[in-house]
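The structure appears right after this line, and notes come after that.
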Amino acid sequence: MSAQNLVESKLNPDLAVIDEICAAGDPWVKVVKKDQVFRIVDLEGNQAVDTLFYSASDAMERYSATDTVRRQNKLYLTTGSKLYSNFGNTMLTIVADTCGRHDTVGGACAAESNTVRYALDKYPMHSCRDSFLHALAHDPICEGLGMSKRDIPSNINFFMNVPVSEDGGLDFADGVSAPGKYVEMKAEMDVVVLISNCPQLNNPCNAYNPTPIQLLVWD
């Protein structure tokens with residue numbers, strides 16, 4: 001079940017048409033056009049980056065964890081992995097990866113899951129679901145597509161390590177990333193990228209210390 005296909009990119013960050021920092025715990029939304037290349041950089045290491053993708057022309061078409069896992073028979077993503085939509089189309093292809101393993105099954109933290117997993121007093125803590133909901137309600141791109149809380153499917157957790165046990169259980173383990181590690185994708189259609197830069201403080205997915213990420217796009 002492991003995934004390790006480490007490939008470095010030849011792209012020059014100085015030539016990126018988008019180069020932005022997303023602070024720890026914040027959402028980030030952008031359109032990445034077909035054939036553009038999109039990179040997520042784990043600046044300080046062990047940061048989980050919860051990510052959703054939607055067709056920029058019809059938000060009813062979106063990243064499908066089920067199709068992505070089933071069609072490639074792999075739980076984890078790395079170089080060469082294709083990200084499939086619920087319509088069966090390839091949305092993006094991972095073309096470079098210096099981390100080597102990204103989670104498809106751990107889902108996003110929420111007030112409810114923080115309460116169930118950790119303690120009742122964790123309920124008010126900021127979560128990835130909160131960040132997704134905030135972006136869907138306030139970001140102009142999401143508003144333009146008429147998106148709402150109904151449009152939150154299962155997400156990818158870039159840089160996050162969620163081993164699956166022999167009995168089918170999930171274990172939120174220490175990350176396998178490190179400062180400066182990145183994953184890079186080529187868009188196979190115009191996509192809306194919706195990120196929650198995870199604020200989780202209760203398990204080791206963020207090393208108990210959420211940190212910023214860098215987002216770059218090349219033509």
Side-chain angles (χ1 to χ4, degrees), residues 3-22 27-43 49-74 76-104 132 135-136 139-147 151-159 177 180-197 212-219:
Q4 281 287 333
N5 193 2
L6 304 182
V7 174
E8 293 192 11
S9 172
K10 294 181 170 62
L11 292 176
N12 181 351
D14 294 337
L15 301 178
V17 295
I18 294 174
D19 183 351
E20 297 181 5
I21 300 294
C22 179
W28 187 87
V29 184
K30 280 287 184 295
V31 174
V32 177
K33 298 283 191 182
K34 185 177 187 292
D35 294 326
Q36 286 187 319
V37 176
F38 168 56
R39 180 189 295 180
I40 307 172
V41 185
D42 186 3
L43 289 173
V49 183
D50 294 43
T51 308
L52 295 167
F53 297 101
Y54 303 85
S55 165
S57 59
D58 177 9
M60 289 297 290
E61 181 170 12
R62 71 279 303 267
Y63 166 76
S64 167
T66 306
D67 289 89
T68 298
V69 171
R70 179 178 56 81
R71 292 185 63 164
Q72 297 168 109
N73 201 31
K74 290 180 181 176
Y76 306 109
L77 304 173
T78 185
T79 312
S81 298
K82 296 183 183 299
L83 311 185
Y84 286 97
S85 78
N86 56 330
F87 291 5
N89 298 314
T90 305
M91 302 188 79
L92 304 102
T93 302
I94 298 180
V95 291
D97 180 19
T98 60
C99 176
R101 178 164 157 145
H102 307 275
D103 168 65
T104 59
F132 286 148
L136 289 171
D139 186 87
I141 295 172
C142 297
E143 286 186 284
L145 285 167
M147 296 166 75
D151 295 297
I152 304 180
S154 298
N155 58 284
I156 298 171
N157 292 306
F158 287 110
F159 309 112
S177 187
K181 299 282 188 183
Y182 59 82
V183 59
E184 200 169 274
M185 292 152 270
K186 179 187 175 187
E188 308 291 356
M189 62 171 72
D190 293 356
V191 294
V192 173
V193 182
L194 171 53
I195 283 174
S196 167
N197 191 23
I213 55 170
Q214 182 182 21
L215 295 312
L216 301 106
V217 177
W218 288 264
D219 284 334

So how far is it from F158 CZ to I94 CD1, rounded to the nearest 0.5 Å?
5.0 Å
If you measure from OG on S81 to CE on M185, what distance do you get to the nearest 0.5 Å?
10.5 Å
Hey, does the side chain of D139 reach the backbone of K30 with a donor-acceptor pair shorter than 3.5 angstrom?
no
T68 side chain to Y84 main-chain N or O, any donor-acceptor pair under 3.5 Å?
yes
Hey, could you give me the CG/CD1 distance between N155 and I195, rounded to the nearest 0.5 Å?
11.0 Å
Quick one: closest heavy-atom pair of A135 and L194, and the distance?
CB-CD1, 3.5 Å
Would you say CD of E8 has more than 12 non-hydrogen atoms from neighbouring residues, nucleotides or ligands within 6.0 angstrom?
no
With side-chain contact (heavy atoms from CB on, under 4.5 Å) as the test, pick out the partner of L83 among N89, T90, L77, T104.
L77
Go through the steps to decide whether I156 and F53 satisfy the test side-chain contact (heavy atoms from CB on, under 4.5 Å), and finish with yes or no.
CA-CA 9 Å; I156 298 171; F53 297 101; 4.0 Å; yes
Intermediate values then yes/no, side-chain contact (heavy atoms from CB on, under 4.5 Å), T51 and V193
CA-CA 7 Å; T51 308; V193 182; 4.1 Å; yes
For the student: nearest non-hydrogen atoms of I40 and F159, plus distance
O-CZ, 3.4 Å
Once side chain to side chain donor-acceptor pair (under 3.5 Å) is applied, what residue pairs with a partner in residues 182-193 remain, sequence neighbours excluded?
S9-E184, R39-E184, T93-E188
Heavy-atom count around K74 NZ within 6.0 Å, excluding the residue itself: above 12?
no
Nearest atoms (heavy-atom pairs only) where S55 meets M91
N-CE, 3.6 Å
Interatomic distance, D50 atom CG to S154 atom OG [nearest 0.5 angstrom]:
11.5 Å
Could you tell me whether the side chain of L52 reaches within less than 4.5 Å of the side chain of P153, counting heavy atoms only?
yes
Show the numbers, then the answer: is there a side-chain contact (heavy atoms from CB on, under 4.5 Å) between V49 and D42?
CA-CA 8 Å; V49 183; D42 186 3; over 6 Å; no
Please report, to 0.1 Å, the donor-acceptor pairs under 3.5 Å made by any side chain of residues 212-219, with sequence neighbours excluded.
unit_1	atom_1	unit_2	atom_2	d
Q214	NE2	D19	OD1	2.9
W218	NE1	N12	O	2.8
D219	OD1	Q36	NE2	2.5

CA sep, side-chain torsions, deciding dist, call: H102, Y76, ring pair (Phe, Tyr, Trp, His ring centres under 6.0 Å):
CA-CA 5 Å; H102 307 275; Y76 306 109; 9.8 Å; no
Sorted by first residue and then second, give each salt bridge (charged side-chain N to carboxylate O under 4.0 Å, His left out) pair with at least one member in residues 52-63; sequence neighbours left out.
R62-D151
Looking at every heavy atom in both V29 and C142, which two are closest together, and how far apart are they?
CG1-SG, 4.2 Å
D103 side-chain N/O to N157 backbone N/O, donor-acceptor pair under 3.5 Å:
no
Looking at every non-hydrogen atom in both residues, tell me the closest pair between V7 and V95 and how far apart they are.
CG1-O, 3.9 Å
Note: S64 and N86 closest approach over all heavy atoms is CB-N, 3.6 Å
